[in-house]
Each structure stands twice: as C-alpha cells, then as structure tokens.
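Residue indices begin at 1 and follow the sequence shown. These figures come from a predicted structure and were not determined experimentally.
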Amino acid sequence: MLYPGTALRLMLAASLIVSLTAHGASAAQGDGAAAQQRGSAAAEKDLDRHLSFLARRDSLIKTGGTELIFVGDSITDGWRQNPQHELFDDYFGRYRPYNIGVSGDETQHVLWRIDHGELDGLAPKLVVLMIGTNNLANANKMGPDETADGVAAVVQAIRRKLPGSKILLLGIFPRGNRKDDPLRVAVDAANTRIAGLADRKTVFYRDIAASFLAPDGTLSGEVMPDYLHPNARGYRIWADTIRPDIDRLVRGAR
C-alpha cells in the first residue's frame, strides 16, 4: 500500500537516517570496510521513480509475482524505449519481468532503493544486474576498486533480500571507441574485480563485451553511437547474447 506522498517521504527519510546510522556504527566497529566507500553507502536519488517502482512491485505481487528482475542504470532503463521495449517483451515477457533500472544510477543509489523496498515481497528466479559505469565516469569519478566494492555491496543486498534467487551479474559494458580509452581501461579493471564475485551457485558472471567489439577492440558507433549506450542494434545483441543464460537460470539449470 502506498502512503500519501508527504507521509511516505517522511517515512523514507526516517528510514534512511536509521540506515545511515547503522552503516556508521558498523564502520566504527571496524566491520565491513567496504561500507566506508562511497559506492557502498546507500544514497537517495529519483524518489518519484522509486515510488513508481513500489507501485509496480505491489501490482506484480497481487497478480502472481515475477520470475525475472533487471537492475541497473540508464542502459537497463533503456529497455523501456522503443523499439527495444518490443524486443524486451518478445524475449523476456514470458517471465513477467520487473525492470528497476534508472538512468544515472550508481551503486549507492541502487543500494538505497533496495534498502527501501523495491524487492520486498518478491521471489524471482533470477536477477540480472549490471551497474558501475556511472561510478567510474560521473562527478564522483570513483576508481575501479571502489566501483567493484559498490557492485559487491549491491550483490550482497540482493542476496539478503532475495535469498532464493540467482543473480546473473554482467560485466560493465565497454565504453569509449578505442581499447586504450581511459574509461575502457577503468571498466576492464573493475570487471576483473567484479568477476570474482561469482560462485556459480547463486551468482553467475558474464562479460559480453566481445559481442559489441570489433576484432581490434574498437567499439563501433553503429552499435553504441555515443560509445556508451546501445542503440536498437546493440540491444538486440545484448538480448541475443544473454537470453540462453536467462532461460537456463530461470528454469533452474546451471
């Protein structure tokens, strides 16, 4: 049930204070050094989008739930746009997917939204997670290690909320036209760390960068016009590449 806007904002603010206080106490005790990193501490962003996700969550719960959740930033958010929205429905609609990707999100924003209920009451078979590119490039400009710590915190938060679900953790997509672009190098370094989160029991890692890149490592503007966000062709590559993984993991196979 959604409360009136003002009351809910006050409730969420109070909850955030409690959450941050708990993070601070843990850090003071020397527990979880990663929680002291910027990418691993929850931070509020886009409250209106959050409220819309809670409404969508409630609707799903009332009508049978979902088997598949997508979590991420603008790249995941972009599945809502056409023509990729039609592709998304065609490839994944059978699983009644719940997409909580938000443009501009960094790991700390995903943590806040998870902490504030976006996964509560759900029991999906699989969560597809890709996050971190904005940590590396937005105003915060975190390094690969700090970004990877943030991704690890998101994985841990999902596992706490959804202990019966599997996670398909995707490597951060390549960015920059050339393989020696500083952001590409940072993405590769972060992915090296992120890959270590996979246990192949609950968390499965997949780096699909090669699907987007030319043999010489260049990223074509015909796939990602701004060398970051896929176009319709890029989304089809993404869907074609991960659909076998999704089908296998939702059906319970490894």
**OP:** Could you pull out the closest heavy-atom pair between Tyr98 and Glu118, with the gap in Å?
**Re:** OH-O, 2.9 Å

Original post:
If only atom types and distance count, is the side chain of Thr147 paired as donor or acceptor with the main-chain N or O of Gly143 below 3.5 Å?
Top reply: yes

Original post:
Quick check: does any side chain N or O of Asp77 sit under 3.5 Å from a backbone N or O of Ser103, one acting as donor and the other as acceptor?
Top reply: yes

**OP:** Answer yes or no: is there a side-chain heavy-atom contact under 4.5 Å between Ser165 and Leu126?
**Re:** no

Original post:
When clusters are formed by joining ILVMFWY residues with side-chain heavy atoms under 4.5 Å apart, either directly or through shared neighbours, do Met224 and Leu136 land in the same one?
Top reply: no

Subject >> Pairs involving residues 207-227, ordered by first then second residue, that meet salt bridge (charged side-chain N to carboxylate O under 4.0 Å, His left out) (sequence neighbours left out) >> reply: Glu222-Arg233

Subject >> Same apolar cluster: Leu119 and Val250, side chain cutoff 4.5 Å >> reply: no

**OP:** Please report the shortest heavy-atom distance between Gly104 and Asn138, naming the atom on each side.
**Re:** O-ND2, 3.6 Å

Original post:
Hey, is the main chain of Asp105 close enough, under 3.5 Å, to the side chain of Asn134 for a donor-acceptor pair?
Top reply: yes

**OP:** Specify the closest pair of heavy atoms between Leu183 and Ala137, including all atoms of both residues, with the distance to one decimal.
**Re:** CD2-CB, 3.9 Å

Original post:
Taking the side chain from Asp199 and the backbone from Thr202, do they hold a donor-acceptor pair closer than 3.5 Å?
Top reply: yes

Subject >> Donor-acceptor contact below 3.5 Å, side chain Ser40 vs main chain Asp149 >> reply: yes

Subject >> Interatomic spacing from CZ in Arg243 to CZ in Arg248 - rounded to 0.5 Å >> reply: 14.0 Å

Original post:
Given the rule that I, L, V, M, F, W and Y join up when any side-chain heavy atoms are under 4.5 Å apart, are Ile172 and Val154 in one cluster?
Top reply: yes

Original post:
Which atoms form the tightest heavy-atom contact between Val127 and Pro124, and what is the distance?
Top reply: CG2-CG, 4.2 Å

Original post:
Is there a donor-acceptor contact under 3.5 Å from the side chain of Thr107 to the main chain of Gly39?
Top reply: yes

Original post:
Between the side chains of Tyr227 and Asp181, does any donor sit under 3.5 Å from an acceptor?
Top reply: no

**OP:** Indicate, with yes or no, if the rings of Phe173 and Trp238 have centres closer together than 6.0 Å.
**Re:** yes

**OP:** Say whether, by atom type as modelled, one donor and one acceptor occur between the side chain of His85 and the main chain of Gln81 under 3.5 angstrom.
**Re:** no

Original post:
Do we see a donor-acceptor contact under 3.5 Å between the side chains of Tyr95 and Asp247?
Top reply: yes

Original post:
Taking Asn135 for the side chain and Glu106 for the main chain, is one N or O donor matched with an acceptor at less than 3.5 Å?
Top reply: no

Original post:
What do the steps show when you test Arg178 against Asp180 for salt bridge (Lys or Arg N to Asp or Glu O under 4.0 Å), and what is the final call?
Top reply: CA-CA 5 Å; Arg178 296 168 55 89; Asp180 60 353; 3.1 Å; yes

Original post:
Can you check whether Leu249 reaches Phe204 side chain to side chain, under 4.5 Å on heavy atoms?
Top reply: yes

Original post:
Is the side chain of Arg184 donor-acceptor paired with the backbone N or O of Asn177 at a distance under 3.5 Å, no angle test?
Top reply: yes

**OP:** Among Arg38, Arg193, Lys141, find the residue that satisfies the salt bridge (Lys or Arg N to Asp or Glu O under 4.0 Å) test when tested with Glu146.
**Re:** Arg38

Subject >> Beyond-backbone contact of Ile246 with Tyr91, side-chain heavy atoms, under 4.5 angstrom >> reply: no

Original post:
Between Val151 and Leu162, is there a shared hydrophobic cluster once you connect ILVMFWY residues whose side-chain heavy atoms come closer than 4.5 Å?
Top reply: yes

**OP:** Would you indicate whether Lys179, at its atom NZ, is surrounded by more than 12 heavy atoms from other residues, nucleotides or ligands within a distance under 6.0 Å?
**Re:** no

**OP:** Determine, stepwise, if the pair Asp188 / Arg175 fulfils salt bridge (Lys or Arg N to Asp or Glu O under 4.0 Å).
**Re:** CA-CA 10 Å; Asp188 291 344; Arg175 58 186 304 172; over 6 Å; no

Subject >> Same apolar cluster: Trp112 and Val155, side chain cutoff 4.5 Å >> reply: no

Subject >> Exam field: side chain Ser59 to backbone Arg56, donor-acceptor pair closer than 3.5 Å >> reply: no

**OP:** Output, in order, the C-alpha distance, side-chain angles, deciding distance and verdict of salt bridge (Lys or Arg N to Asp or Glu O under 4.0 Å) for Asp115 and Lys161.
**Re:** CA-CA 9 Å; Asp115 285 349; Lys161 288 283 187 177; over 6 Å; no

Subject >> ring pair (Phe, Tyr, Trp, His ring centres under 6.0 Å) partners for Phe88, two or more places apart >> reply: Phe70, Trp79, Phe92

